[in-house]
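Everything on this sheet refers to the single structure shown next.
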Amino acid sequence: MDALLVGRQIRARRRAAGLTLDDLGAKAGVAPSRLSLFENGRREPRLSQLAAIASALGAELPALLADEAPDERTALEVELDRFQRAPLYESLGLPAVPATRTLPQDALEALVGLHRELRRRAERAIATPEEARRANTALRLASRARNNHIPEIEAAAQSLLAVVGHERGALTHRSVGLMAKHLGFDIIHVNDLPHSTRSVTDLENGRIYLPPASIPGGHGLRALALQAMGHRVLGHREPRDYAEFLEQRLEINAFAAACLMPEPASVEFLADAKQRRDLAVEDFRDAFGVTHEAAALRLTNLATVHLDLRMHFLRVGGDGAIYKAYENDDLPLPADVDGSVEGRLVHPSWAARAAFERTNRTTEFTQYTDTPAGTFWCATQTGTSATEEFSITIGVRFADAKWFRGRETTERADARIAGAHRDGRDAELAAQWRGKAWPSAKLHAHVLSPLPTGTFPGVDDAEVHRFLESHAGR
């Protein structure tokens with residue numbers, strides 16, 4: 001149901017019938033104040049309420065659910081309302097112009113025309129990484145729609161784990177090797193992997209090449225091996241475009257996580273922790289011997305389907321830019337005109353950024369944050385990669401904090417005012433330094449590096465071919 005369009009259908013038919021909100025409310029048995037919320041798209045009516053309203057208006061129910069506006073004026077009002085609710089307009093910090101009956105037709109047309117041009121220019125400005133960003137956004141929304149849970153991949157992982165009899169605890173490197181052998185592959189660690197690859201699979205000779213087993217953080221090598229196996233188990237082919245490449249990447253990550261943290265044992269562990277009101281990523285991480293990020297992401301795979309919890313996940317860089325994000329709890333993520341969140345800065349008061357200010361980072365930082373969409377509880381752990389700091393955050397709406405360790409925190413921040421993170425002197429400083437400053441931008445390589453350059457996006461094909469040729473005879 002498109003709540004906004006349904007509301008405008010109700011309003012147009014109510015006005016055509018010469019009814020006030022009070023009149024329609026009395027006939028339909030719905031409070032006028034609630035009818036107003038329906039008409040403005042602020043609340044979605046239940047089907048029973050919609051049927052009563054349709055009857056009171058002398059209309060068929062399908063007519064109120066039509067995909068098109070009842071007239072040109074209403075179509076423009078709906079378009080203006082959607083433009084003004086979009087992140088692009090909200091980022092300007094300007095007041096919304098209500099599309100009331102008193103708004104002249106020519107003014108309405110002018111406003112909609114201006115918004116169309118504003119959007120067109122914004123879309124043109126992000127045209128360079130457009131394919132990557134749009135594909136990323138589509139994949140994030142698809143993950144949200146299925147609560148980040150893919151039953152087919154869970155079943156495939158369970159089938160392969162049965163080969164080595166693994167059910168719970170940390171999956172050993174030996175078991176991973178046996179799983180690879182079952183699929184017809186040997187795992188070989190080498191020092192000269194192509195710089196643009198994480199692993200290379202030789203389908204001709206049945207080999208999976210990985211970095212040296214002794215590298216720091218070598219526990220991640222299990223995941224790399226499982227991801228390589230995932231391509232074969234899931235029947236992947238060479239990706240036709242960037243969108244398919246991203247989808248495959250998501251699927252092999254999900255497969256590796258399902259092997260490292262098997263669904264039955266993970267659900268049992270998490271359900272027990274929830275019952276004790278002691279859910280914590282750090283316990284889940286330690287129970288299965290994985291990274292904090294892997295455990296946090298895996299929690300989002302299982303939380304909604306098995307624990308009836310809606311959650312969000314963030315990986316944020318030290319500068320506040322989003323690297324990865326997932327939410328199905330309505331956390332208002334910062335987004336550009338196309339809905340992309342990668343590279344966008346989160347509010348400085350969010351736990352994902354506030355955690356960097358702590359002196360002691362050995363434990364998770366917990367905080368309640370007030371946002372325009374309500375209050376959220378978050379738990380954040382910081383870390384350091386080879387190039388920069390980052391934070392891993394999981395969180396839930398206020399009502400669900402009761403199930404997590406750290407809910408008793410007294411830390412609370414206010415992020416309800418759009419643009420509150422901006423210095424109030426921005427405009428003054430911009431005028432002062434206009435034409436006098438020439439910064440050199442730091443490119444967020446994670447946004448652009450995987451753009452298509454060969455058969456597999458971001459991979460130097462020639463380098464891979466030379467690598468396989470040099471190792472084939474060994």
Check whether any side-chain heavy atom of Gln158 lies under 4.5 Å from a side-chain heavy atom of Pro262, and answer yes or no. yes

Ignoring hydrogens and angles, state whether a donor on the side chain of His306 or Glu263 is under 3.5 Å from an acceptor on the partner side chain. yes

Is the backbone N or O of Thr366 less than 3.5 Å from a side-chain atom of Thr409, with the two atoms forming a donor-acceptor pair by type? yes

So which of Arg405, Lys274, Arg276 actually passes salt bridge (charged side-chain N to carboxylate O under 4.0 Å, His left out) with Asp283? Arg405

I want to know whether His115 and Tyr89 have ring centres closer than 6.0 Å. yes

Show the numbers, then the answer: is there a side-chain hydrogen bond (donor to acceptor under 3.5 Å, both in side chains) between Arg237 and Gln248? CA-CA 9 Å; Arg237 60 185 179 186; Gln248 290 182 2; over 6 Å; no

Considering only NZ, NE, NH1 and NH2 on the basic side and carboxylate oxygens on the acidic side, decide whether Arg85 and Glu90 come within less than 4.0 Å. no

Whether Arg144 side chain and Tyr326 backbone form a donor-acceptor pair below 3.5 Å: no

Any donor and acceptor pair, going by atom type alone, linking the side chain of Asn147 with main-chain N or O of His149 inside 3.5 Å? no

With sequence neighbours left out, the residues meeting ring-ring contact (aromatic ring centres under 6.0 Å, His included) with Phe390 are none

Please confirm whether the ring centroid of Tyr368 lies under 6.0 Å from the ring centroid of Phe376. no

Glu154 and Arg298: salt bridge (charged side-chain N to carboxylate O under 4.0 Å, His left out), yes or no, with the steps? CA-CA 12 Å; Glu154 300 289 347; Arg298 183 60 171 154; 2.7 Å; yes

Under 3.5 Å, is there a donor on one side chain and an acceptor on the other for Thr291 and Glu293? no

Trace of the salt bridge (charged side-chain N to carboxylate O under 4.0 Å, His left out) decision for Arg14 with Glu39: CA-CA 10 Å; Arg14 175 178 63 78; Glu39 290 190 353; 2.7 Å; yes

Please confirm whether the backbone N or O of Ala373 pairs with a side-chain atom of Thr371, one donor and one acceptor, at under 3.5 Å? yes

Which heavy atom in Trp377 sits nearest to a heavy atom in Ile394, and how many Å separate them? CZ3-CD1, 4.2 Å

Has the side chain of Asn148 got a donor or acceptor atom that lies under 3.5 Å from a matching backbone atom of Leu302? no

Sub-3.5 Å donor-acceptor pair from the side chain of Glu251 to the main-chain atoms of His231, do we have one? no

Apply side chain to side chain contact (heavy atoms under 4.5 Å, CB included) to Val281 and Ile392, showing your working. CA-CA 10 Å; Val281 173; Ile392 302 298; over 6 Å; no

The criterion is ring-ring contact (aromatic ring centres under 6.0 Å, His included); which residues satisfy it with Phe38, sequence neighbours excluded? none

Side-chain donor or acceptor of Ser391 paired with backbone N/O of Ala352 under 3.5 Å: yes

Is there a donor-acceptor pair under 3.5 Å between the side chain of Arg407 and the backbone N or O of Arg277? yes

